[in-house]
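So you know, we letter chains A, B, ... as the sequences are listed, proteins then strands, and number each from 1.
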Amino acid sequence: MPSGPYDADAVEEKWQQRWLDEDTYAYREGEVDDPNTAFAIDTPPPTVSGSLHWGHVYGTVLQDIVARFTRMQGEEVYYPFGYDDNGIASERLTERELDIRHQDYERKEFQQKCREVCAEFEDEFTENMQSFGFSIDWDNTYRTIEPRVQRISQLSFIDLYEQGKEYRKRAPAIWCPECETAISQVETEDDEQDSHFHDIAFDVVNADSAGQEEFTISTTRPELLPACVAVFVHPDDEANQNLVGQAARVPLFGHEVPIIADERVDMETGSGIVMSCTFGDQTDIEWYQAHDLDLRVAIDESGHMTEVADEYEGMSSADAREAIVADLDETGALLDRWPITHTVNVHERCGTGVEFLVADQWYVEMLDSTDEYLEAGREMDWYPEKMFSRYKHWIEGLQWDWCISRQRSSGIPFPVWYCDECDGAVMAEKADLPVDPLSDDPPVDACPECGHDEFVPEDDVFDTWATSSLTPLINAGWDWDEDAGEFTMDNPELFPMDLRPQGHDIISFWLFHTVVKCYEHTGEVPFDSVMINGMVLDENRKKMSKSKGNVVSPQEVKAQFPVDAARFWAAGSSIGDDLPYQEKGLRAGEKLLQKLWNASKLVDSLTPETTPEIDDEELSALDRWLLAELDAEAEFVREKLENREFSKARDSLRSFFWGTFCDDYLEIAKQRVREEDDESAKYTLTVAHRRFLQLFAPVLSHITEEIWQEMYSEGTGFESVHRTAWPEPTGIDADHAAGETAMAVVGALRRYKSERQLPLNAELSAVSVYGEIAGFENDIRNVMHVDRLETLESEPEIESVVTGIDLDYSIVGPEYGADVSDIDAGIERGEYEIRDDGETLAVAGHELSADEFSVERERQYTGEGEMLEADDALVIVRE
RNA sequence: GGGCUCGUGGUCUAGUGGUUAUGACGCUUCCCUUACAAGGAAGAGGCCGGUGGUUCAAAUCCGCCCGAGCCCA
């Protein structure tokens with residue numbers, strides 16, 4: 001029996017453990033008779049390199065509410081958990097933890113260390129997640145680096161290759177010279193750095209033809225002079241148009257480069273003439289591709305100068321910069337030099353400015369199918385709908401195919417070898433996967449193209465997104481059946497997945513790539529619906545970040561508040577909108593827990609062990625009213641949760657429970673039970689209370705389980721409230737209007753007492769009500785301590801004075817258009833006439849009918865006592 | 001620099017063309033009524049970011065500006 005104050009710490013831990021022990025949330029495959037009764041949730045697996053972040057908690061609470069709610073709708077929920085340990089984050093973590101460098105180890109050896117380090121962090125992560133009691137199926141977990149996933153990832157690569165959706169091409173890659181690794185765009189960030197601008201004189205090769213002997217370019221990267229492949233002028237730059245089509249000679253190095261017009265030149269910077277190198281920045285790459293320029297690689301993998309730098313070869317790029325500037329100065333080509341601060345693209349993990357390197361890369365062809373991917377996006381239900389536009393605009397703005405190769409030591413290897421003679425690619429056999437070409441042999445003895453028998457293994461690994469975009473297939477157990485010669489799924493009922501919950505920050509790459517991959521492999525859209533949560537901000541609406549020191553730690557919150565309070569806070573968000581962390585939001589949750597606990601104690605003390613058997617017809621008017629209202633509330637909450645409108649469900653249920661049930665109904669019912677041993681009230685209390693626990697269960701998962709088990713558990717087995725069915729409507733008829741009026745009368749009497757500073761249990765000797773409250777008279781009398789309560793058959797003695805006219809503008813507006821202002825003015829001046837017993841209003845030359853206006857009256861009671869207005873009813877109090 | 005989204009009492013939030021803008025937290029006053037003072041009752045507090053426009057009518061639709069978040073360059 002619930003007693004004493006609610007001890008959230010003990011209760012929450014108890015049920016978290018019990019749910020695990022009982023496998024409460026395990027996917028019960030046997031109970032799925034057709035795919036429609038399985039509800040599969042595919043969450044993007046978090047990287048485990050860091051600790052659990054408050055954002056994880058927020059997002060997971062929302063998913064968990066959906067999972068719990070959907071279980072109660074009779075669906076078998078598949079809610080797995082993945083750990084994304086295949087990626088640079090876990091490599092860096094391993095290096096940091098063990099104080100080692102990946103370069104010093106063989107790939108397999110380093111990967112082994114990664115897995116050991118990650119395993120520790122994953123255990124901690126799991127423990128943290130479990131301490132929030134999420135209804136995740138902990139028997140269904142996966143790691144993106146595990147062999148089964150490696151096999152799926154390599155199968156995906158080979159399948160796309162066989163479909164002709166992949167190709168290999170030499171292309172620039174972003175490279176970190178410090179970490180000596182290729183990195184992806186998302187791993188870079190902008191950094192303000194001090195640098196120098198240099199004005200450097202270039203000679204024109206044919207000065208006569210150009211009409212000038214030299215010109216000036218401005219650059220922050222003079223060490224790239226040896227890599228210069230062109231000089232650009234803006235097509236609108238009239239002063240320098242004479243140079244276009246000419247050739248320039250690069251100072252110190254002497255090679256000639258073309259001068260070309262291109263509108264990507266920033267005319268405002270320096271002289272407006274710019275050199276293009278291999279490669280200084282993104283624009284250089286675009287120029288290289290657009291104008292088919294030469295490649296002159298001047299900086300190598302470790303950030304040192306190559307042979308194209310002549311005498312500077314072997315120097316670090318920083319040393320080379322100083323030396324080249326000094327030599328330019330000596331030859332007179334350095335015209336000017338001044339310090340500036342500018343934005344540099346750096347590697348987010350080490351802060352080193354990135355370089356660009358040219359390497360063979362594998363690409364997934366996407367640009368040819370963007371229409372299909374757009375259509376796939378349209379076929380999914382988006383919560384909220386507006387987030388589809390992010391997906392849409394991302395696809396519309398796509399300019400490149402997807403580069404999936406990374407020049408890294410750790411990760412999932414490409415299952416590919418190349419013929420040493422003709423460079424033809426040889427794929428692994430599907431049955432042999434996963435393979436590592438560095439240690440495994442190719443499946444053929446001789447090149448199918450040229451017959452050569454020496455092969456070079458591919459030593460690149462997959463971009464992590466190439467694997468983490470396969471989670472729906474990983475979850476459904478996608479595999480290649482060698483005998484049948486086709487792809488199969490262990491759990492085909494799970495695919496397509498019903499729900500993809502995730503943050504809006506990863507729509508453009510993660511969600512998009514997942515749609516692309518799954519669509520290409522199966523021809524189906526992988527998700528029925530996508531639910532996008534916003535970001536968690538700090539109390540001042542600022543983004544949480546380690547450097548700002550405003551990060552909220554989940555364990556600190558847990559030390560301070562119950563998990564259910566955090567769930568209440570999270571459920572207060574409008575889906576897709578950012579949500580600031582607010583302690584008062586959690587405190588409000590805590591108060592609701594107390595209220596629910598205390599109300600449950602009261603209900604428990606009022607109701608017998610076994611629910612009384614009562615026919616609906618025997619229920620009192622108030623009880624019928626409460627149950628009918630609760631039917632409507634349950635339906636409202638169901639509909640809102642189905643549409644992922646969490647805050648509407650939460651707020652509506654909270655105020656119905658607190659206001660209507662506790663403040664209005666319970667106050668009356670407790671008197672009826674105590675004073676009259678009222679069976680109808682006892683029955684209603686039990687039925688309503690059970691239902692409240694179920695309706696609250698998806699959000700307040702721990703406390704509802706505690707109370708449910710204390711009060712309503714039956715038999716010997718454990719049946720969680722979270723495995724019960726969402727309450728069916730009782731279908732009880734009630735006089736809705738009379739109930740509303742009765743509650744309004746109670747409210748008016750409360751106000752009467754409050755305004756006179758009377759205690760709420762003060763006696764009132766006589767009260768008359770003019771209004772429809774049939775069946776509720778006794779309830780009003782008892783709860784408001786009224787000695788004599790009578791209902792009036794006719795209106796009390798009232799003098800009414802017309803105080804104004806209210807127009808129904810939704811009818812008047814469209815009907816009278818521009819004349820509305822005249823009508824308003826006429827009423828304002830009092831120049832109107834009410835005719836036909838109030839049926840017609842004559843004003844400003846128009847005759848308005850009864851549905852277009854209402855007469856505003858002030859009613860004054862002239863009889864004995866004081867009159868109160870309660871909605872439609874009139875209440876007269878004689879003390 | 002571009003795109004998307006958001007901006008409503010002190011704080012958080014509902015409201016997507018109809019004039020009287022929702023609720024919560026906080027605040028003020030009153031009430032220790034045996035479930036709950038982390039409670040109950042009442043009350044104060046907002047020209048709906050700014051500006052211009054469309055309309056009989058704008059928090060709501062459109063343009064521009066400002067601020068915030070995310071993505072991209």
Side-chain angles (χ1 to χ4, degrees), chain A residues 2-6 185-186 190 264 266 281-283 286 343 345 384 386-394 396-399 503-509 512 532 534-537 539-543 565 568-569 572-574 576-606 645 647-648 650-652 654-655 658-659 662-663 666-667 670-671 674 746-747 749-762 783 785 806-824 856:
Chain A
S3 65
Y6 178 57
Q185 178 80 52
V186 295
D190 288 342
R264 277 166 279 211
D266 178 7
D281 60 20
Q282 203 68 38
T283 316
E286 289 176 28
T343 309
N345 216 219
K386 66 188 177 191
M387 287 297 172
F388 171 66
S389 61
R390 295 218 180 169
Y391 178 93
K392 180 167 173 264
H393 284 98
W394 173 256
E396 286 170 351
L398 269 185
Q399 288 182 21
H504 60 57
D505 51 336
I506 55 173
I507 293 174
S508 48
F509 48 105
F512 170 66
I532 303 294
M535 301 289 116
V536 176
L537 309 175
E539 306 218 37
N540 302 312
R541 276 200 167 275
K542 296 281 179 251
K543 183 189 177 181
F568 176 84
W569 162 80
S573 69
S574 193
D577 285 357
D578 293 346
L579 185 68
Y581 173 81
Q582 294 268 340
E583 286 204 349
K584 49 192 164 196
L586 283 101
R587 239 177 272 125
E590 222 176 351
K591 284 168 76 169
L592 177 59
L593 298 181
Q594 294 290 3
K595 191 73 180 176
L596 180 57
W597 182 253
N598 287 321
S600 299
K601 281 198 295 187
L602 177 61
V603 170
D604 192 37
S605 73
L606 295 173
E645 296 175 284
S647 68
K648 286 179 187 171
R650 183 196 80 159
D651 292 345
S652 169
R654 177 189 179 278
S655 60
W658 202 305
C662 293
D663 294 340
L666 207 38
E667 289 297 327
K670 77 178 175 193
Q671 282 183 315
R674 282 177 181 158
V746 170
L749 291 174
R750 274 200 204 116
R751 206 172 309 121
Y752 175 86
K753 293 182 179 180
S754 178
E755 278 165 3
R756 281 157 190 74
Q757 308 199 342
L758 297 167
L760 279 179
N761 61 354
V783 76
H785 301 267
D806 272 339
L807 296 179
D808 183 345
Y809 287 93
S810 62
I811 302 172
V812 173
E815 177 71 23
Y816 300 98
D819 289 351
V820 170
S821 54
D822 293 341
I823 295 173
D824 276 336
E856 206 176 89

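- Closest to the side chain of A/W658, from the set B/G69, B/G40, B/G15, is B/G40.
- When heavy atoms are screened at a 4.0 angstrom cut-off, A/R674 is found touching the sugar-phosphate backbone but no base atom.
- With B/G3, B/C71, B/U5 as the choices, the nucleotide that has an atom nearest any side-chain atom of A/S389 turns out to be B/U5.
- Distances shown here put a side-chain N or O of A/K386 below 4.0 Å from the OP1 or OP2 atom of B/C6.
- We find the CH2-CG distance between A/W569 and A/L579 to be 4.5 Å, quoted to the nearest 0.5 Å.
- For the atom pair CG (A/D819) and CG (A/D824), the distance works out to 11.0 Å, reported to the nearest 0.5 Å.
- One P atom belongs to B/G69, the other to B/U13, and the distance between them is 15 Å to the nearest Å.
- At a cut-off of 3.5 angstrom, counting only N and O atoms as typed in the model, there is no donor on one side facing an acceptor on the other between the side-chain of A/E645 and the base of B/A14.
- B/G15 sits 15 Å from B/G49 when the P atoms are compared, rounded to a whole Å.
- Minimum atom distance to the side chain of A/N598 is reached by B/C36, of the listed B/C36, B/G18, B/G15.
- For the P atom pair drawn from B/A44 and B/U29, the interatomic distance equals 15 Å after rounding to whole Å.
- Across all strands, A/W597 comes closer than 4.0 Å to no nucleic acid atom at all (heavy-atom distances).
- Base-pair partner of B/C64: B/G50 (Watson-Crick or G-U wobble, both distances under 3.5 Å).
- Base engagement by A/Q594 is indicated by at least one non-hydrogen atom pair under 4.0 Å involving a base atom.
- For A/P814, taking side-chain heavy atoms from C-beta onward, the closest of the listed nucleotides B/G18, B/A41, B/G69 is B/G18.
- Annotation: the span from A/I507 atom CD1 to A/W394 atom CH2 amounts to 11.5 Å, rounded to 0.5 Å.
- When rounded to the nearest whole Å, the span between CG of A/D651 and P of B/C25 equals 11 Å.
- A close approach under 4.0 Å does not occur between any side-chain nitrogen or oxygen of A/K584 and OP1 or OP2 of B/A24.
- A salt bridge links A/K386 to A/D577: at least one charged side-chain nitrogen sits closer than 4.0 Å to a carboxylate oxygen.
- At a threshold of 4.5 Å between non-hydrogen side-chain atoms, the residues A/L592 and A/F568 count as touching.
- Regarding A/E583, its CD atom lies at a distance of 18 Å from the P atom of B/A38, rounded to whole Å.
- Across the protein-nucleic acid pair, A/K753 atom NZ and B/U33 atom P stand 14 Å apart, rounded to whole Å.
- Take the nearest nucleotide of RNA chain B for A/C662 and for A/G572: the residue whose nucleotide is more 5' is A/G572.
- Among the protein residues, A/A818 comes within range of the sugar-phosphate backbone only, with heavy atoms under 4.0 Å from sugar or phosphate atoms but none that close to a base.
- When the P atom of B/U5 is taken as reference, atom CH2 of A/W394 falls 17 Å away, rounded to whole Å.
- Between the CZ atom of A/F512 and the P atom of B/C72 there is a distance of 13 Å, rounded to whole Å.
- One P atom belongs to B/G26, the other to B/G40, and the distance between them is 11 Å to the nearest Å.
- Here CG of A/L666 is found 4.5 Å from CG of A/L602. Values are rounded to the nearest 0.5 Å.
- Heavy-atom nearest nucleotides on RNA chain B were determined for A/D808 and for A/D577, and the one closer to the 5' end corresponds to A/D577.
- Within 4.0 Å of A/R654, counting heavy atoms only, lie sugar-phosphate atoms of the nucleic acid but no base atom.
- B/A41 and B/C4: their P atoms are spaced 47 Å apart (whole Å).
- Using atom P as the reference point in both B/G43 and B/U51, the two lie 33 Å apart (nearest Å).
- Phosphate contact (OP1/OP2 of B/G40, side-chain N/O of A/K595, threshold under 4.0 Å): present.
- Two residues are said to be in side-chain contact when any heavy atoms from C-beta on lie closer than 4.5 Å; A/L586 and A/Y581 meet this criterion.
- When the nucleotides B/G3, B/C36, B/C72 are ranked by their closest atom to the side chain of A/E667, B/C36 comes out on top.
- Comparing B/C25, B/A35, B/C12 by their closest approach to the side chain of A/P580 singles out B/C12.
- Residue A/D505 is classed as a sugar-phosphate contact, given heavy-atom separations below 4.0 Å to backbone atoms only.
- A/R587 has its CZ atom 13 Å from the C1' atom of B/A24, to the nearest Å.
- When heavy atoms are screened at a 4.0 angstrom cut-off, A/G817 is found touching base atoms of the nucleic acid.
- Under the Watson-Crick and G-U wobble criteria, each requiring two contacts below 3.5 Å, nucleotide B/C70 is paired to B/G3.
- Contacts of A/R390 with the nucleic acid, taken as non-hydrogen atoms under 4.0 Å apart, include base atoms.
- Listed nucleotides: B/G18, B/A41, B/C12. Nearest to the side chain of A/S810: B/G18.
- A sub-4.0 Å separation between OP1 or OP2 of B/A35 and a side-chain N or O of A/K670 is present.
- When all heavy atoms are compared, the tightest approach of A/D578 to A/M535 is OD1-N, 2.8 Å.
- Between the CE atom of A/M535 and the P atom of B/C71 there is a distance of 8 Å, given to the nearest Å.
- A/P5 comes within 4.0 angstrom of nothing in the nucleic acid, heavy atoms only.
- When the P atom is used for both B/G52 and B/U60, the distance is 14 Å, rounded to whole Å.
- Base pairing analysis places B/G43 opposite B/C27; the two distances defining the Watson-Crick or G-U wobble pair are each below 3.5 Å.
- In this structure, B/A58 makes no Watson-Crick or G-U wobble pair, since no nucleotide meets both defining distances under 3.5 angstrom.
- Under 4.0 angstrom from either OP1 or OP2 of B/C30 there lies no side-chain N or O belonging to A/R751.
- Ranking B/G69, B/C71, B/U19 by closeness to the A/F509 side chain, first place goes to B/C71.
- Rounding to the nearest 0.5 angstrom, the gap separating the CG atom in A/L537 from the CD atom in A/Q582 is 10.0 Å.
- Ranking B/G3, B/U11, B/U20 by closeness to the A/Q582 side chain, first place goes to B/U11.
- Between B/A21 and B/A59, the two C1' atoms lie 8 Å apart (nearest whole Å).
- Distance CG (A/D806) to P (B/A57): 19 Å, rounded to an integer number of Å.
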